[in-house]
There are 2 protein chains.
Amino acid sequence: MNGRFAISMHILTLLEQFKGEVLSSDFIAGSININPVLVRKEISNLKKHHLVESKEGKAGGFTLAKPASQIMVSDIYKAVGTNSVLGKSVNDPNPDCKIGKQINKQLNALYEDVENAVIKKLGNISLAEFHKNFS
Amino acid sequence: MNGRFAISMHILTLLEQFKGEVLSSDFIAGSININPVLVRKEISNLKKHHLVESKEGKAGGFTLAKPASQIMVSDIYKAVGTNSVLGKSVNDPNPDCKIGKQINKQLNALYEDVENAVIKKLGNISLAEFHKNFS
DNA sequence: CTTTACTGTAATAATATTGGTTACAGTAAA
DNA sequence: TTTACTGTAACCAATATTATTACAGTAAAG
């Protein structure tokens, strides 16, 4: 995976920290230390998954779409949802080989198992709980 | 993660399938459909972790270093051990922000938790069991 | 109604990571 | 001493990721 999960977590934790306020992409980018456009792109995705709401125009910006207690870290993980935990099985193995012929299917089954374990684990933690760790 | 875990799984499953025989990197590469040098590179790592043994010279090649029943998929995962399941927290966040200052520490704790869940899951499956799925 | 401070998004450039290839020294069987 | 391998280094190509620029659209505030 890439750094997108970390960015989404950072964004959402910030929004919880400043709940009640509307945060601009510039402000958020300043905390993460990345380009504001990346923040807007990432939030565009979080909006699609109903985790964040935005307001356009002057004094516009972002807020959480629902209470942090109702956002599970697994929701964030699924929203970011890039590639699998164990990587991709991008190879195009030899179909004339018994192992090559079936390896992708078997690996994908394994990947799915692990993915579910991860989601279960992250489903135990809400954004509110994650945020409580910040002293 | 990248495709290295898939490659290692493929290599080890092949070695189990042809146990008793010594497989060359050319043969293995033919099944995976990648370059033989990549196979040797990946096996170089598996050797370091005592999962594979090699024999140099003519008629040389590779074999499993121990019975497949004694190799857990978690061992393979740990051997490949590239980056974390949830990605990296490569950002260099703003230390003047309460969230930015602590986010990496908090994310790393989360990552470790998830990593352990994955290892636990993969610790239930041996290479022998994985190989049994191939009909 | 125009200025200001924002979002939204496309297009592109820079950088990092990953995978592929060539080359060749070293080894051991035949 | 030839042959068929491993072991690695060095380099190149392909791909993925992240950063930047640019600008249209929106809404509050004067």
Side-chain angles (χ1 to χ4, degrees), chain A residues 1-8 10-11 14-15 18 21-49 51-65 80-84 86-93, chain B residues 1-8 10-11 14-15 18 21-49 51-65 80-84 86-93:
Chain A
M1 197 188 282
N2 48 32
R4 286 186 48 218
F5 177 77
I7 291 175
S8 279
H10 196 141
I11 291 169
L14 264 182
L15 291 176
F18 293 94
E21 300 177 45
V22 171
L23 303 188
S24 73
S25 59
D26 255 40
F27 177 84
I28 296 171
S31 171
I32 309 181
N33 198 22
I34 60 173
N35 194 290
V37 175
L38 282 187
V39 172
R40 299 204 287 272
K41 270 189 198 161
E42 202 51 42
I43 286 182
S44 163
N45 179 57
L46 294 172
K47 279 176 65 181
K48 250 187 259 168
H49 291 85
L51 299 176
V52 169
E53 279 171 358
S54 69
K55 200 182 139 198
E56 290 198 349
K58 189 168 179 176
F62 308 97
T63 53
L64 289 180
V80 172
T82 47
N83 42 21
S84 163
L86 298 179
K88 39 196 168 162
S89 48
V90 284
N91 306 317
D92 180 22
Chain B
M1 198 189 280
N2 48 33
R4 284 186 50 220
F5 176 76
I7 291 176
S8 279
H10 196 140
I11 291 170
L14 264 183
L15 292 177
F18 293 93
E21 301 177 43
V22 172
L23 303 187
S24 72
S25 60
D26 255 39
F27 178 84
I28 297 171
S31 171
I32 309 181
N33 198 24
I34 59 173
N35 194 289
V37 177
L38 283 186
V39 171
R40 299 205 288 272
K41 270 186 199 163
E42 202 51 41
I43 287 183
S44 163
N45 179 56
L46 295 172
K47 279 177 65 180
K48 249 188 259 165
H49 291 85
L51 300 175
V52 169
E53 278 172 357
S54 69
K55 200 182 138 197
E56 290 198 350
K58 190 168 179 176
F62 308 97
T63 52
L64 289 180
V80 172
T82 44
N83 42 22
S84 164
L86 298 178
K88 39 193 170 165
S89 48
V90 284
N91 305 315
D92 181 22

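Throughout, protein chains are lettered first and strands after them, A, B, ... in sequence-line order, and every chain is numbered starting at 1.
If you take CZ of B:Phe62 and C1' of D:dA4, they are 13 Å apart, rounded to a whole angstrom. The CG-C1' distance, from B:Leu23 to D:dA4, rounds to 15 Å in whole Å. Between A:Glu21 atom CD and C:dC6 atom C1' the separation is 16 Å, expressed in whole Å. A straight line from CG of A:Asp26 to P of D:dT21 spans 13 Å, rounded to a whole angstrom. The interatomic distance linking A:Ile28 (CD1) with C:dC6 (C1') rounds to 12 Å, in whole Å. The separation between A:Asn45 atom CG and C:dT9 atom P is 12 Å, rounded to whole Å. Distance, B:Arg4 CZ to C:dT17 P: 14 Å, rounded to whole Å. Note: CG (A:Leu38) to P (C:dA13) measures 17 Å, nearest angstrom.
For the OP1/OP2 pair of D:dG7 and a distance below 4.0 Å, the side-chain nitrogens and oxygens of B:Ser54 include at least one atom meeting the criterion. In this model, the phosphate group of D:dG7 is not approached by any side-chain N or O of B:Ser44 to a distance below 4.0 Å at OP1 or OP2. Between B:Ser24 and D:dC5, a side-chain N or O to OP1/OP2 separation shorter than 4.0 Å is absent.
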query = Would A:Asn45 and A:Arg4 count as a side-chain contact (heavy atoms from CB on, under 4.5 Å) if you check the C-alpha gap in whole Å, the side-chain angles of each, and the deciding distance to 0.1 Å?
reply = CA-CA 11 Å; A:Asn45 179 57; A:Arg4 286 186 48 218; 3.3 Å; yes

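How far CG of B:Asn33 is from CD1 of B:Ile28: 14.0 Å, rounded to the nearest 0.5 Å. With rounding to the nearest 0.5 angstrom, the OG atom of A:Ser25 is 7.0 Å from the CD1 atom of A:Ile43. Distance check: A:Ile7 CD1 to A:Ile34 CD1 gives 4.0 Å after rounding to the nearest 0.5 Å. Going from atom CG of A:Leu23 over to atom OG of A:Ser31 covers 9.5 Å, rounded to the nearest 0.5 Å. Taken to the nearest 0.5 Å, the CG atom of B:Asp26 stands 7.5 Å off from the CZ atom of B:Arg40.
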query = Taking only Watson-Crick and G-U wobble pairs with both distances under 3.5 Å, what dot-bracket line describes DNA chain C, where [ ] shows pairs that cross earlier ones and | shows pairs with another strand?
reply = ||||||||||||||||||||||||||||||

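The nearest pair of heavy atoms linking B:Val80 to B:Ser8 is CG2-OG, 3.6 Å. Closest of all the heavy-atom pairs between B:Leu15 and B:Phe62 is CD2-O, 3.4 Å.
Using a 4.5 Å cut-off on side-chain heavy atoms (C-beta onward), A:Leu64 and A:Glu53 make no contact.
Remark: the B:Lys41 side chain and the C:dG19 base include no donor-acceptor N/O pair separated by less than 3.5 Å.
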message = Output one letter per nucleotide in nucleotides 24-30 of chain C: B when a protein non-hydrogen atom lies under 4.0 Å from the base, S when only the sugar-phosphate is that close, - when neither is.
response = ---BBB-

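Closest-nucleotide positions on DNA chain C for A:Gly60 and B:Val37 were compared, and the one nearer the 5' end corresponds to A:Gly60.
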